[in-house]
**Q** 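Quick one: this structure, given as structure tokens, is what I'll be asking you about.
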There are 2 protein chains.
Amino acid sequence: MVTQLDAIDRKILAELQADASQSLDEIAKKVGASKTPVWNRIRKLRDSGLIKSQTVILDPDKLGLEACFFVLVRTSEHEKDWQDRFLTALLEREEVLEAHRLAGDIDYILKVRVKNAKAYDDFYQALISEVKIFNMTALLSMEEIKSTLRLPV
Amino acid sequence: MVTQLDAIDRKILAELQADASQSLDEIAKKVGASKTPVWNRIRKLRDSGLIKSQTVILDPDKLGLEACFFVLVRTSEHEKDWQDRFLTALLEREEVLEAHRLAGDIDYILKVRVKNAKAYDDFYQALISEVKIFNMTALLSMEEIKSTLRLPV
DNA sequence: ACTGAAAGATCGCGCTT
DNA sequence: AAGCGCGATCTTTCAGT
């Protein structure tokens, strides 16, 4: 936490998270301040890195990416070299939307978006041919109940 | 997939995903077309729902949300009423960033962002007091290797 | 379907209180 | 720090290829 946020900063962040295409005037009106202070605050939030970027959210189904898997990965290898190769493989593959290194029994979890089960298998085969993996369990999402990157501010 | 995308649509989507704050001029130049057609395409993409929304991405650590858990949920109840209450609970809780209903052994997976382990326990206690859950396993993320909502277009 | 132009909105910033 | 206001820029529309 770089700096303390006040109530107005939080309102601004909430508005931007809800819809970043709003004009400065609209945001200013909603948070109950005028343009200049709001503009200065947004700039500060950007510069501090708290606002990392601005993007559009696409509908994966409409892009034909209808299958979502969560993949639990266990490895027997814990050397630096193996880890580097594994990480590189994950970063390079655009079907991998998230990858986390975990504490405990399971070493990694991935979120993977692909066209269908066949495409997942292609991904799986490609990955295990690149790096040795002890065990990989895929959990198939049947329904996305909730998906947000809206953080409580 | 509502409509077939051509190469220019894909380039536009890639640019918008990379940085939605770019001006129309910049995008037009990068995709090698002029403003008006780009503007018309973007509007079509919006109207079709392929572009769902525009938002800012915040840094969770800088907001003090330093703990990320993936939660595997098994339930013994499969009635509609139970499911409704569970879904409502998930949708209401802002620390739940993602929730998927799964095929197979594990019924649900959640992604939960909170301040610390204590905050996770608060969430956990609140949830199990609201709805009966057979088994819940939390996987603690040690490191976010990759996190993107950038879909391959 | 693209180009170019032009009206209107919005931004970014300096000046003032 | 907040408000005003102006020039510059960007968005959006439209007539003409």
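Residue numbers begin at 1 in each chain, while the letters A, B, ... track the order of the sequences.
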**Q** Can you confirm if the aromatic rings of Y108(B) and F86(B) lie within a centre distance of less than 6.0 Å?
**A**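 Ring centres of Y108(B) and F86(B) closer than 6.0 Å.
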**Q** Other members of the hydrophobic cluster containing F134(A), with the 4.5 Å side-chain heavy-atom rule, please.
**A**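 F134(A) shares its hydrophobic cluster with no other residue.
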**Q** To the nearest angstrom, how far is I12(B) atom CD1 from dA1(C) atom P?
**A**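 Nearest whole value for this atom pair: 13 Å.
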**Q** Just to be sure I understand the rule, does P37(A) reach a base, reach only the sugar-phosphate, or reach nothing, if contact means heavy atoms closer than 4.0 Å?
**A**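 Sugar-phosphate, backbone atoms only, no base.
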**Q** May I ask you to decide whether E144(A) forms a salt bridge with R113(A), counting only side-chain N to carboxylate O separations under 4.0 Å?
**A**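 Salt bridge present between E144(A) and R113(A).
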**Q** Expressed as a whole number of angstroms, how long is the span from E26(B):CD to dC10(D):P?
**A**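 Distance, rounded to whole Å: 7 Å.
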**Q** Polar atom pairs between nucleotides 11-13 of chain C and protein, under 3.5 Å, N or O only, would you list them?
**A**
| residue | atom | partner | partner atom | Å |
| --- | --- | --- | --- | --- |
| dC11(C) | OP1 | L24(A) | N | 3.1 |
| dC11(C) | OP2 | L24(A) | N | 3.1 |
| dG12(C) | OP2 | W39(A) | NE1 | 2.8 |
| dG12(C) | O6 | K35(A) | NZ | 3.2 |

**Q** If I take atom CG in residue N40(B) and atom P in nucleotide dA1(C), what distance separates them, rounded to the nearest angstrom?
**A**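 To the nearest whole Å, that distance equals 9 Å.
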**Q** Under 3.5 Å, is there a donor-acceptor pair linking the side chains of S21(B) and D19(B)?
**A**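 Side chains of S21(B) and D19(B): pair found under 3.5 Å.
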**Q** Is the closest side-chain heavy-atom distance between L24(A) and V38(A) below 4.5 Å?
**A**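 Sidechains of V38(A) and L24(A): in contact.
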**Q** Any salt bridge between R85(A) and D81(A), counting N to O under 4.0 Å?
**A**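 Result for this pair is yes, salt bridge flagged.
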**Q** Rounded to whole Å, how long is the line connecting atom CZ of R41(A) with atom C1' of dA2(D)?
**A**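 Rounding to the nearest Å, CZ of R41(A) and C1' of dA2(D) are 10 Å apart.
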